[in-house]
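Read through the structure below, which is laid out as structure tokens, and then see the notes.
Note that the numbering runs from 1 along the sequence shown for the chain.
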Amino acid sequence: MENKHVDIKSLSRKTLSNQVIDEIISLLTTGQLKPGDRIPSEIELMEICNVSRPVIREAMTSLEVLGIVNRKTRNGTFFSDRVGSKPFSMMLALSATDLSSIIETRVALELGLITLAAEKITDDDLAKLRDLIEEMKGLPTEDSSEVDKEFHKVIALSAKIPLFEAIIDPLQSFHQKVLEQIPLEDRNLEQTIQYHVDIYNALEKRDPIEAYASMYRHLDFVRKKALKNLKK
């Protein structure tokens, strides 16, 4: 396989591994290499960056943990073809104690997603949402969190944004912590079902403005209840 010529500047001795990571990532951001391309070998990187093999290996291990590169024993190391969930999981883990920030991040992301979902959603996606609403109506308690998570996941995936797909599961996992802040006696299944019916109706009409407004009313309802209990 022919190696592509890449340009990486020589590094100082300070935080060498982190600098190597920055320089390797810059190969993507500058367009010198693309997702799926082979990264220069350890020996090549040692010469280009003027650092030792342990430094290169430390940097590559970190990039592999983050899911940015994939090591193939005989063929070398390659940039991942698509973004995985690990970087987002770590980012959210570092914010795990800032639940108000997680709540508002979810609101900001989902309001954007639903406008795109209204334009792209398929009949199959709508059928899944209908089934989930029916499942929600049959719940024995006020706790609709699991069905609610699946409902929002269907909408997020229907927006068809590959980059965002990597963040859906970790974001939902942390949002579960937010829902846990709302006691069952403070939940209102009937109202929750109505919010979801309104969202579904807007999506069925492929109306991004109505979908945005319906989603905002639902998320604002959850946000206010969660923040109220966080302040206690």
Side-chain angles (χ1 to χ4, degrees), residues 1-9 11 14-49 51-99 101-110 112-113 116-117 120 146 149-150 152-178:
M1 182 180 295
E2 182 180 353
N3 291 331
K4 295 186 179 181
H5 174 74
V6 296
D7 180 24
I8 300 179
K9 62 187 177 184
L11 306 176
K14 185 179 180 181
T15 61
L16 291 176
S17 177
N18 288 338
Q19 290 184 70
V20 171
I21 290 172
D22 289 343
E23 290 302 320
I24 290 174
I25 291 176
S26 77
L27 296 176
L28 283 177
T29 59
T30 59
Q32 296 184 65
L33 294 179
K34 295 180 175 60
D37 280 350
R38 182 182 179 278
I39 296 170
S41 68
E42 286 185 0
I43 293 176
E44 290 171 316
L45 288 172
M46 287 167 57
E47 294 175 353
I48 296 169
C49 299
V51 296
S52 65
R53 175 165 279 174
V55 170
I56 297 297
R57 288 183 172 174
E58 181 181 347
M60 299 307 293
T61 297
S62 297
L63 288 168
E64 187 173 28
V65 168
L66 289 170
I68 296 172
V69 304
N70 296 313
R71 294 185 185 183
K72 300 179 181 179
T73 306
R74 295 183 178 180
N75 297 324
T77 302
F78 297 77
F79 280 119
S80 299
D81 289 321
R82 58 183 300 171
V83 177
S85 64
K86 290 181 182 178
F88 298 110
S89 297
M90 293 179 180
M91 175 186 70
L92 289 167
L94 292 172
S95 303
T97 58
D98 189 359
L99 292 183
S101 178
I102 291 174
I103 293 170
E104 292 178 349
T105 298
R106 183 201 181 195
V107 171
L109 289 172
E110 291 212 45
L113 281 170
L116 294 172
K120 302 177 182 179
E146 288 302 316
K149 282 168 57 180
E150 188 61 29
H152 287 269
K153 184 173 183 177
V154 171
I155 293 173
L157 291 173
S158 70
K160 296 176 177 58
I161 306 174
L163 177 62
F164 188 80
E165 290 175 12
I167 200 175
I168 292 175
D169 287 335
L171 185 62
Q172 286 198 314
S173 296
F174 279 91
H175 185 65
Q176 182 63 35
K177 293 183 62 177
V178 173

Within the structure provided, determine whether Asp37 and Leu27 are in side-chain contact (heavy-atom separation under 4.5 Å). no
Are Ile24 and Ile68 close enough that some pair of their side-chain heavy atoms sits under 4.5 Å apart? no
Salt bridge (charged side-chain N to carboxylate O under 4.0 Å, His left out) against Lys120, all qualifying residues, sequence neighbours excluded: none
Which value, rounded to the nearest 0.5 Å, describes the distance between Ile56 atom CD1 and Glu47 atom CD? 10.5 Å
Nearest heavy-atom approach of Ile155 to Ser158 is O-OG, 2.6 Å
How many angstroms lie between atom CZ of Arg57 and atom OG of Ser62, to the nearest 0.5 angstrom? 14.0 Å
Between Thr61 and Arg71, do the side chains contain a donor N or O and an acceptor N or O under 3.5 Å apart? yes
Work out which heavy atom in Met60 is nearest to a heavy atom in Thr77; give both atom names and the distance. CE-CG2, 3.4 Å
Does Ser41 offer a backbone N or O that forms a donor-acceptor pair with the side chain of Glu44 under 3.5 Å? yes
Least distance between heavy atoms, Asp81 atom then Gly36 atom: OD1-CA, 3.1 Å
Once rounded to the nearest 0.5 Å, what's the spacing between atom CG of Leu16 and atom SG of Cys49? 9.5 Å
Got a second to check how far Ser80's OG is from Glu64's CD, nearest 0.5 Å? 9.0 Å
Heavy-atom side-chain proximity of Asn70 to Phe79 below 4.5 angstrom: no
For Glu110, which residues count as a salt bridge (charged side-chain N to carboxylate O under 4.0 Å, His left out) partner, sequence neighbours excluded? Arg106
Please enumerate all residues that pass salt bridge (charged side-chain N to carboxylate O under 4.0 Å, His left out) together with Glu146, with sequence neighbours excluded. Lys149
Side-chain contact test, heavy atoms from C-beta onward, threshold under 4.5 Å: evaluate it for Ser26 versus Glu23 and give yes or no. yes
Once you round to the nearest 0.5 Å, how far does CG of Leu63 lie from CD1 of Ile39? 7.0 Å
side-chain contact (heavy atoms from CB on, under 4.5 Å) between Ile43 and Arg53: does it pass, once the steps are laid out? CA-CA 7 Å; Ile43 293 176; Arg53 175 165 279 174; 3.2 Å; yes
Is the shortest side-chain heavy-atom distance between Val20 and Val55 below 4.5 Å? yes
For Pro40 and Leu33 the tightest heavy-atom approach is CD-CD1, 4.3 Å
